[in-house]
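Reviewing the structure listed below.
Residue numbering restarts at 1 for every chain, and letters A, B, ... go by the order of the sequence lines. Only heavy atoms go into these numbers, but all of them, side chains included; no hydrogens, no water, no symmetry mates. All figures in this text were calculated on a predicted structure; none of them were measured in a lab.
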Protein chains: 2
Amino acid sequence: MIRTVAALKENSVKDNNDMPGHLARRFQQIAVAVFLAEVGDAGFDLTPVQYAALATIKANPGLDQVTLAGLIAYDRTTITGVIDRLVQKGLIERRASPRDRRARELEITDEGRRTLRKITPAVESAQRIMLRGLSAKEGEELMRLLRKAIAAGNELSRAPLRE
Amino acid sequence: MIRTVAALKENSVKDNNDMPGHLARRFQQIAVAVFLAEVGDAGFDLTPVQYAALATIKANPGLDQVTLAGLIAYDRTTITGVIDRLVQKGLIERRASPRDRRARELEITDEGRRTLRKITPAVESAQRIMLRGLSAKEGEELMRLLRKAIAAGNELSRAPLRE
DNA sequence: CAATATTGCTCAGTATACTGACTATCAGTA
DNA sequence: TACTGATAGTCAGTATACTGAGCAATATTG
């Protein structure tokens, strides 16, 4: 099918399916739904955002909130609530940093470690399901293109990735 | 770099960059930021979601909320607020349907039409910017793969696309 | 070392998204 | 026609995201 601006009806808007922004929203919507379904079926109550935060805290013990936000590209005002909920679920601990009294150090708890371990199969299953329409090669290509587009646009959002 | 499960450190989680769900979130985040920046610079205050709704209402005069939601894959509980805001901005009108007293008919106003026309360059510019890291061919391929993955996962979210 | 700038975090407000429940209405059928 | 089920829309509650503002503490600099 021809999909160029010239081919569109006069006065008409580009079809949603030609808008990368719309496709991004739609794919993300499905990705979240699949994640929640798989994780929920496995008996856990954790969102994709909470999972990424938890996994990153485990991999970087004692990191502060801003660093965590940078590692997963969350806004610093968003991370506050995410951490609140992880603390409330007993999966992490938040305590004042001894070196910088502005900062809070984050640490995973044993319960958090246990949850992370048991939840992993469901998370991996979810990643497979959200790509189920694609061949393995296509899935890899999709991820490659997303990574490339994201790298080029990193600084355009308020919450860029910081290594 | 080798990116297989077997190659990961024991006990470690997959890298975020290997998670299609994470990449989806990140790309969408950038897409929204770029859209708001371009549209804002052009002097308009419209979100991606509001834009898609407005464009779809224009293309389908008199449609009801559920049909609109289906055409752009929004949840029916989300569309209520989106429409509220479009009405409040004077871009659309919502009135009771004469045929079905449960339903509301949606119609674009002249102001909405004018806005849509003037905003289009900014919207198209935004779509280009969010793909600026990719060649034209890669951009097309990314959209193709997203469309394919979305088609296969359409029924997995609460708000599937309905033609 | 005092003034200034920057940083870490939080908060209030707004806008998607979704869950689950509810009302009003409509459609199909016994 | 009375009953049943489905549908259109809304609402309350929760969880991302972001804007913009603000406080406290640290870093920088004249």
Next on the checklist: Run the side-chain hydrogen bond (donor to acceptor under 3.5 Å, both in side chains) test against B:R76 and tell me which residues pass, sequence neighbours left out.
Outcome noted: none
Item to check | All side-chain contact (heavy atoms from CB on, under 4.5 Å) counterparts of B:E138, not counting sequence neighbours | outcome: A:R144, A:L145, A:K148, B:L134, B:S135
Next on the checklist: Looking at D:dA25, I'd like to know if its phosphate oxygens (OP1 or OP2) sit under 4.0 Å from a side-chain N or O belonging to A:R104.
Outcome noted: no
Checklist entry - So, A:E105 and A:R99, do they make that salt bridge, N to O below 4.0 Å? => result yes
Item to check | Carboxylate-amine/guanidinium proximity below 4.0 Å for A:D84 and A:K89 | outcome: no
Item to check | Strand contacts (DNA chain D) in residues 67-88 of chain B, 4.0 angstrom heavy-atom criterion | outcome: B:R76, B:T77, B:T80
Checklist outcome for this item: Sorted by number, residues from residues 154-163 of chain B placing a heavy atom under 4.0 Å from DNA chain C are B:R158, B:A159
Checklist outcome for this item: A:F35 meets the ring pair (Phe, Tyr, Trp, His ring centres under 6.0 Å) criterion, sequence neighbours left out, with A:Y51
Next on the checklist: Taking any atom closer than 4.0 angstrom to a non-hydrogen atom of chain B, what span of DNA chain C does the protein reach, first nucleotide to last?
Outcome noted: C:dA15 to C:dC26
Checklist entry - Mind checking what makes side-chain contact (heavy atoms from CB on, under 4.5 Å) contact with B:R102, not counting sequence neighbours? => result B:D100
Checklist outcome for this item: Between B:R94 and A:T47, whichever has its closest DNA chain D nucleotide further toward 5' is B:R94
Checklist entry - Does the side chain to side chain donor-acceptor pair (under 3.5 Å) test come out yes or no for B:Q28 and B:R25, once each step is laid out? => result CA-CA 5 Å; B:Q28 217 260 329; B:R25 184 189 145 281; over 6 Å; no
Next on the checklist: Using the side-chain contact (heavy atoms from CB on, under 4.5 Å) criterion, which residues pair with B:T67? Sequence neighbours excluded.
Outcome noted: B:L63, B:D64, B:L71
Item to check | Minimum side-chain heavy-atom gap A:D15-A:H22 below 4.5 Å | outcome: no
Item to check | Donor-acceptor contact present, side-chain B:Q65 to main-chain B:T80, <3.5 Å | outcome: no
Checklist entry - Taking only residues two or more places apart in sequence, or in another chain, which ones meet A:A33 in a side-chain contact (heavy atoms from CB on, under 4.5 Å)? => result B:S157
Checklist entry - Are there more than 12 heavy atoms of other residues, nucleotides or ligands under 6.0 Å from atom CZ of B:R95? => result yes
Checklist entry - For B:R101, which residues count as a salt bridge (Lys or Arg N to Asp or Glu O under 4.0 Å) partner, sequence neighbours excluded? => result none
Checklist entry - Can a salt bridge be assigned to the pair A:R114 and A:E111 using a cut-off of 4.0 Å between side-chain N and carboxylate O? => result yes
Checklist entry - Would A:N154 and B:R26 count as having a side-chain donor-acceptor pair, cut-off 3.5 Å? => result yes
Checklist outcome for this item: Taking for A:A103 and for A:I30 the nucleotide of DNA chain C with the nearest heavy atom, the one nearer the 5' end belongs to A:A103
Detail all sub-3.5 Å separations between protein N/O atoms and N/O atoms belonging to nucleotides 1-7 of chain D.
| residue | atom | partner | partner atom | Å |
| --- | --- | --- | --- | --- |
| D:dT7 | O2 | B:R102 | NH1 | 2.5 |

Checklist entry - Among residues 34-43 of chain B, which residues get a heavy atom nearer than 4.0 Å to DNA chain C? => result none
Next on the checklist: Using heavy-atom distances to pick each residue's nearest nucleotide on DNA chain D, tell me which of A:P48 and A:R101 is more 5'.
Outcome noted: A:P48
